[in-house]
Amino acid sequence: MIPGIALVLGVVLGLLLQPSVPLWLQPYLPIAVVAALDAVFGGVRALLDKIFDDKVFVVSFVSNALLAALLVFLGDQLGVGGQLSTAVIVVLGIRIFQNLAAIRRHLFRA
Amino acid sequence: MQNERVTDSGTPPRADAHPFVSPSLFVDITTITVDPGYVEAAARRAADPSATPPRATTALALTALLALGGIWGVAAAQTRDRAPAAARIRASLVEEAQRRTSATDRLAAEQDRLRRETAAAREAALRQSTAGRALSDELAKLELAAGGARVRGPGLVVTLDDAEMAGDDTENRITDSDLQNVVNALWAAGAEAVTVNDRRIGSLTAIREAGEAILVDYRPVSPPYVVRAVGDPDDLEPAFVDSPTGRRFRTYVEAFGLRFDVDRAERLDLPGSETSRLRHATPAGTKGAP
């Protein structure tokens with residue numbers, strides 16, 4: 001309940017405050033969005049598996065987001081930024097889908 | 001510490017040297033979907049039940065969730081903002097183009113007026129002597145032949161327009177070569193003077209395309225294109241309608257839905273074209289001017 005409120009509060013704050021994202025950071029925003037999605041679904045799935053852990057949640061989100069951003073940054077320097085963004089989104093996307101499937105099995109037993 | 005491979009498919013874990021490093025990357029991507037950290041932490045708690053998560057990490061997790069939501073909110077706001085920005089830039093470019101076009105129109109009108117004044121002054125000067133009068137008559141005849149003088153007379157009005165379902169490219173659209181063909185067919189049919197959207201076609205007038213706009217005499221014209229031709233309608237109409245171009249356009253009307261109307265007109269009033277354009281000379285200031 002409280003985590004959900006925190007999440008919604010974050011969305012509302014982001015929408016209302018609209019901090020201007022610096023130009024050099026803008027390519028990483030979509031990556032951050034997908035990493036955040038992955039962290040949330042991973043967390044919910046772990047919660048339903050009854051193995052959720054606060055520390056793991058924070059560390060996995062931060063490290064995944066940093067690693068994804070680092071990969072894209074490296075790719076930008078090498079001229080393959082677009083492809084590496086795709087790679088990151090594909091891998092995270094697969095995980096999101098698998099976690100969603102696990103959550104669905106937990107909730108609906110189907 | 002007991003590590004357990006968590007797989008979705010329920011397959012038994014492989015006997016790898018390290019439980020979370022596998023040579024088969026794609027199998028791992030699709031089977032190990034729960035973060036191994038959760039499994040390890042759960043195993044640690046199972047081994048030592050007294051180790052409950054401290055309050056600090058719970059607060060940290062809530063902060064992370066807040067940041068997470070913040071990222072989504074900012075991303076949503078950014079995406080929403082960016083589309084209108086692109087539209088704004090396009091609108092300002094359109095406005096700029098329209099402003100410049102109207103400025104050019106104003107200058108063209110000014111030029112027209114000045115040319116008429118010059119012609120009137122020249123006429124007045126030439127009328128003062130017999131030789132001048134002869135020159136003036138000669139000039140009038142030549143200007144008429146070159147398409148520089150205003151003319152009026154009966155003729156044809158040909159109206160062309162894009163099909164209603166015109167696409168983004170030249171499909172189902174009137175192109176510059178269509179207009180060229182129509183104008184040439186009118187000349188061939190015996191037209192004595194032709195305008196396209198009130199721009200007189202002189203000996204130096206080009207009909208061409210720049211981007212998706214058609215330029216007549218280097219000025220953009222937009223559909224519907226009205227081609228007026230002065231000539232004897234009784235000769236002009238059958239000759240034009242039966243010309244290869246006329247027949248082709250009637251096919252276009254049926255096949256693509258283009259508009260192609262040919263109407264007779266009792267009286268057409270066509271402006272003159274620019275015949276005495278300076279090409280090499282530029283104004284050298286008022287001092288040296290005669």
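Proteins come first, then strands; the chains are lettered A, B, ... in the order of their sequence lines, and each starts at number 1.
- Atom CD of B:Glu110 is surrounded by more than 12 heavy atoms from other residues, nucleotides or ligands within 6.0 Å.
- Counting heavy atoms of neighbouring residues, nucleotides and ligands inside a 6.0 Å radius, atom CD of B:Glu95 does not exceed 12 of them.
- Side chains of A:Leu7 and B:Trp72 form a contact here, defined as non-hydrogen atoms less than 4.5 Å apart.
- Among A:Val59, A:Val11, A:Val8, A:Ile96, the residue with the largest count of heavy-atom pairs under 4.5 Å with chain B is A:Val11.
- Taken from CG in B:Leu68 to CG in A:Asp38, the straight-line distance is 10.0 Å, to the nearest 0.5 Å.
- The residue among A:Leu17, A:Val12, A:Val40, A:Leu13 with the most heavy atom pairs within less than 4.5 Å of chain B is A:Val40.
- A:Asp53 contributes atom CG, which lies 11.0 Å from atom CD of B:Glu40 (distance to the nearest 0.5 angstrom).
- Interface remark: A:Phe52 contributes backbone and side-chain atoms alike to the contact with chain B (heavy atom separation under 4.5 Å).
- The two residues B:Leu62 and A:Ala6 have their closest heavy-atom pair at O-CB, 4.0 Å.
- Summarising the local packing, CZ of B:Arg100 is surrounded by 12 or fewer heavy atoms from other residues, nucleotides or ligands at distances under 6.0 Å.
- The two residues A:Phe57 and B:Ala61 make their nearest non-hydrogen contact at CE2-O, 3.9 Å.
- Annotation: maximal heavy-atom pairing with chain A below 4.5 Å, among B:Ala64, B:Ala67, B:Ala41, B:Gly70, occurs at B:Gly70.
- Between chain B and the options A:Phe61, A:Phe97, A:Phe41, heavy-atom pairs under 4.5 Å are most frequent for A:Phe61.
- Atom CG of B:Leu65 is separated from atom CG of A:Leu9 by 11.0 Å, given to the nearest 0.5 angstrom.
- In terms of heavy atoms, A:Gly14 sits closest to B:Ala77 at O-CB, 4.5 Å.
- Counting heavy atoms from C-beta outward, B:Tyr38 and A:Asp49 have side chains that stay 4.5 Å or more apart.
- Both the backbone and the side chain of A:Leu37 have a heavy atom closer than 4.5 Å to some heavy atom of chain B.
- Heavy-atom neighbours of B:Phe260 CZ from other residues, nucleotides or ligands within 6.0 Å: above the threshold of 12.
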